[in-house]
Amino acid sequence: MNITIFDTLETLYKKSADTFVELSEKAIRKQDKFVVALSGGSSPKAIFNLLATEEYANKIEWSKVFFFWVDERWVSLDDEKSNFKMTLETLLDKVPVNKNQVFPMYKAGTEPEDYAKEYEDQIRNVLGADGIFDFILLGMGDDGHTASLFPGEAVLKEKEKWVSAYYLKSQEMFRITLTEPVINKAENILVITFGKSKKHALNEVLNGEYNPQLYPLQLIERKEGFQLFTDKETSVEL
C-alpha cells in the first residue's frame with residue numbers, strides 16, 4: 001500500500017498536482033485521452049488552483065481530458081454547494097478544456113435517480129463496458145465516508161450500478177455518487193485526507209477490523225495504483 005506522509009499541506013498539494021500531470025501524460029500516450037473523476041472540498045480546490053497555474057497548465061493536454069465527478073449534492077450547478085461550480089471556478093474556466101468532455105453530475109428538470117442512470121450511460125459512452133477510469137480523486141470525511149458513500153447507507157452494498165442517487169436523511173438532501181464497483185475498477189486512485197479530526201477514522205480504516213458499513217473508505221481496494229496522501233497530524237501507525 002502506498003501511503004505518503006507530508007510535512008506540509010503545500011507539499012501534499014504539489015505532489016497531488018504532479019501526480020495528475022504524470023498520469024495525464026501516461027494515459028494520453030497510451031490511449032490519446034485521460035478520463036478522470038474529481039471530488040469536491042478544500043483539498044481538491046487547492047489542487048485545482050495549482051493545476052490552473054502556468055507552471056502546471058502548460059504541461060497538460062487539456063483538450064484530451066474528460067471530466068466526470070465522484071459525487072455531488074443534488075443542487076443546481078450555480079449553487080455554492082456544487083462541486084461542479086467549485087471546479088469550474090478554480091480550474092475549468094482557466095484552462096482550454098473541451099466543454100463537450102465535461103460531464104456535470106446534475107441536470108436541471110431531472111429526478112436524481114433518473115439522472116444516475118443517464119450519468120452511467122455517459123460514463124459507458126466514454127469508457128466502454130469496462131468502465132475503467134484513468135484517475136479518481138477521493139477524500140475522506142471525519143466519519144470515514146468517501147464520495148457520497150456514507151456510513152450505514154444502502155448504497156454501500158451496491159454491486160451492479162456504477163452511479164447511484166439517494167436521499168441522505170442526515171443532510172436532508174439527495175446525493176448522487178459513483179459506487180464502489182466502478183471506483184475500484186480505476187487504474188489510479190488518490191485519497192487525500194488530513195487534519196486531527198480525521199485521525200480516528202483513518203486509523204480504523206487502515207488498522208481496524210473490516211467494517212465498511214461503519215468506515216466506508218474500507219470499500220476502496222488498496223491495490224496497485226492506490227495512493228493515500230496525508231499529513232503528520234493525521235498519520236497513524238501501520
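Positions are given from 1, in the same order as the sequence printed here. Note that the structure is a prediction, hence the values are computed from the model and not measured.
In terms of heavy-atom proximity, V75 sits nearest to M173 at CG1-CE, 3.8 Å. Of all heavy-atom pairs spanning I176 and P112, the tightest one is CD1-O, 4.3 Å. Closest heavy-atom contact between Y56 and K14: OH-CG, 3.1 Å. Annotation for Q218 and V205: closest pair NE2-O, 3.5 Å, computed over non-hydrogen atoms. Of all the heavy atoms in T53 and L50, the pair that sits closest is OG1-O, 2.5 Å.
Enclosure of atom NZ in K15 is not indicated, since only 12 or fewer non-hydrogen atoms of other residues, nucleotides or ligands lie within 6.0 angstrom.
Side-chain contact between T177 and L149: present, with at least one pair of heavy atoms (C-beta onward) separated by less than 4.5 Å. For the pair F20/I47, no side-chain contact is recorded, criterion being any heavy-atom separation below 4.5 Å from C-beta on. A heavy-atom distance below 4.5 Å is not found between the side chains of N188 and F133.
Judged by a 6.0 Å distance limit and a 45° cone about the ring axis, R124 is positioned over the six-membered ring of W162.
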All N/O donor-acceptor pairs, side-chain side in residues 151-159, below 3.5 Å, sequence neighbours left out:
unit_1	atom_1	unit_2	atom_2	d
E158	OE2	E160	N	2.9
E158	OE2	K161	N	2.8
K159	NZ	E180	OE1	2.7

Practice item. Show the numbers, then the answer: is there a salt bridge (charged side-chain N to carboxylate O under 4.0 Å, His left out) between K64 and D32? Key: CA-CA 7 Å; K64 296 181 179 180; D32 207 37; 2.7 Å; yes
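For the side-chain hydrogen bond (donor to acceptor under 3.5 Å, both in side chains) test, no residue two or more places apart in sequence or in another chain qualifies with Y119.
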